Amino acid sequence: MSLSPAQPLTGQASARKIRVLVVDDSAVIRGLVTRWLSGEADIEVVGAAVNGKDGVDHAEKFKPDLIILDIEMPVMDGVTALPAIRKVAPNARVIMASTLTQRGAEVTIKALAAGASDYIPKPDASQLAGAADYKRDLLAKVRSLGARAVSAANLSQVYDAAALGSAGARAKVPPGPTLRTVTQKLVPEAIFIGSSTGGPEALREVIEGLAGKLRVPVFITQHMPPLFTKILADHLSKQTKASVVEATDGLQAQPGAFYIAPGDRHMNVSRHLGVTRINLSDAPPENFCRPAVDPMFRSAAEIFGEKALAVILTGMGQDGLLGAKPLVNKGAQLIVQDEETSVVWGMPGAVARAGLATACKPIHEIAPAILNVMRGVSV
């Protein structure tokens, strides 16, 4: 996943620390993660729970901004605890701590569908001491998700103060993105979607709205490790009744089918005599990610040019920004998810702020916008 520090908060309300609750039955992992987070100036660990039941009690007591919730625990596991936690602490973002196993992937996908904001694959406890990548990913996710919760709380204070007429209070609405106008609109021959944090549920809604209505293939890069992408494809296929598969190298793309890049491999496309095929690559990660959106977008620009339609959904970091530029230069249209409905407005926000998007829509309007583009209608 594309990892970048959360931007510092600005405005009338003073920034506060991100309040985190750690729920894990392993004393080693719980202690190490707690020390990592407590060592950061902008993060405060408000509690550490040893199982899901304890986690629900702590969530109700401390009302944290963010909860790191282990999946496999005694007494009450993380998936069972999740709905109860969301009930007692509805504003808290939840990161599921998952193992890199078949069961871990299956349970994680179910947890994301049940309301978890994100997940983090954790290494074995015996390997944690040297897990620099795990620490980096964890801090980035905590900052990205937690900062939004803190920002929302601070903005709420500003709006409340303004409503009460407090001196100097100003409830300012951030300016919207600058959208790009496309003068010549060709009907796309392929659709390319990038997503990350919050992506699985966003993809479900988009695919559900497109199922059975397209005559072109759809290529999807969702930041996920191996095993997880196959489980995600199967899960989305069952949920939406669409043909959603994990891509394989050399596979011929079919109209109306959805292809998800496999974990740890970039997905590109090629075309010969009108036949589009998928090409998988072991090239180095980009934006700390493999698969990454940027190489897929570059491939789309090279092969389809202005007849490509690009979409960027919720996700942290800015993967997709560099790849969007050659697409835009070729005249392709690019739709991004709006900030309000994004779990994290990193990836779509980067493109929107750069003035590369042709439309910025809430998640429930993304599929209709895509269908409008396919009909040659302005979005």
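All values derive from a computational prediction rather than experimental measurement.
Residues Pro285 and Phe288 have side chains not in contact (no heavy-atom distance under 4.5 Å, counting atoms from C-beta outward). Side-chain contact between Met96 and Ile120 is absent, with no heavy atoms from C-beta onward closer than 4.5 Å. Side-chain contact check for Ile18 versus Glu44: every heavy-atom pair is 4.5 Å or farther apart. A heavy-atom distance below 4.5 Å is found between the side chains of Arg277 and Ser270. Here the side chains of Ile85 and Ile67 are in contact, with some heavy-atom distance below 4.5 Å.
Without hydrogens or angle criteria, Thr341 side chain to Ile363 main chain gives a donor-acceptor distance under 3.5 Å. Judged purely by atom type and a 3.5 angstrom limit, Ser237 has no side-chain atom pairing as donor or acceptor with the backbone of Ser243. Using modelled atom types, one side-chain atom of Ser26 and one backbone atom of Ile29 make a donor-acceptor pair closer than 3.5 Å.
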Determine all donor-acceptor pairs shorter than 3.5 Å in which one atom belongs to a side chain in residues 205-212; sequence neighbours excluded.
from: Glu208; atom 1: OE1; to: Arg204; atom 2: NH1; distance (Å): 3.1

One pair to check against side chain to side chain contact (heavy atoms under 4.5 Å, CB included): Val94 and Asp118. What are the steps and the verdict? CA-CA 7 Å; Val94 179; Asp118 201 1; over 6 Å; no

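Rounding to the nearest 0.5 Å places OG1 of Thr197 at 8.0 Å from CD of Gln222.
Note on residues 79-105: pairs passing salt bridge (Lys or Arg N to Asp or Glu O under 4.0 Å), not counting sequence neighbours, are Glu72-Arg103. Sorted by first and then second residue, the pairs that involve residues 185-209 and meet ring-ring contact (aromatic ring centres under 6.0 Å, His included), not counting sequence neighbours, are Phe192-Phe219, Phe192-Phe304. Among pairs with a residue in residues 316-357, none fulfils ring-ring contact (aromatic ring centres under 6.0 Å, His included), at least two apart in sequence or across chains.
Residues Arg290 and Asp264 are paired through a salt bridge, judged by an N-O separation under 4.0 Å between the basic side chain and the carboxylate. A salt bridge does not link Asp294 with Lys325: none of the charged nitrogens is closer than 4.0 Å to a carboxylate oxygen. With salt bridges taken as basic N to acidic carboxylate O contacts below 4.0 Å, one links Lys307 and Glu189.
Geometrically, Lys141 engages Tyr119 in a cation-pi contact, judged by NZ or CZ lying under 6.0 Å from the ring centre and within 45° of the ring axis.
Scanning for side chain to side chain donor-acceptor pair (under 3.5 Å) contacts around Asp234 gives Lys230, with sequence neighbours left out. For Lys361, the salt bridge (charged side-chain N to carboxylate O under 4.0 Å, His left out) criterion is met by no residue, not counting sequence neighbours. Applying the salt bridge (charged side-chain N to carboxylate O under 4.0 Å, His left out) rule to Glu40 yields the partners Arg143; only residues at least two apart in sequence or on another chain are considered. Shown here are the salt bridge (charged side-chain N to carboxylate O under 4.0 Å, His left out) partners of Asp70, two or more places apart in sequence or in another chain: Lys122. Take His266 and apply the ring pair (Phe, Tyr, Trp, His ring centres under 6.0 Å) test, not counting sequence neighbours, and it matches no residue. In this structure Arg298 satisfies the side chain to side chain donor-acceptor pair (under 3.5 Å) test together with Glu286, sequence neighbours excluded. Residues satisfying the side chain to side chain donor-acceptor pair (under 3.5 Å) criterion with Asp25, sequence neighbours excluded, are absent altogether. With sequence neighbours excluded, no residue forms a side chain to side chain donor-acceptor pair (under 3.5 Å) with Asn268.
With no hydrogens or angles considered, no side-chain donor-acceptor pair links Gln337 and Thr314 at under 3.5 Å.
For Glu302, the CD atom counts as loosely surrounded, since its 6.0 Å shell holds 12 or fewer non-hydrogen atoms of other residues, nucleotides or ligands. More than 12 heavy-atom neighbours from other residues, nucleotides or ligands sit within 6.0 angstrom of NZ on Lys63.
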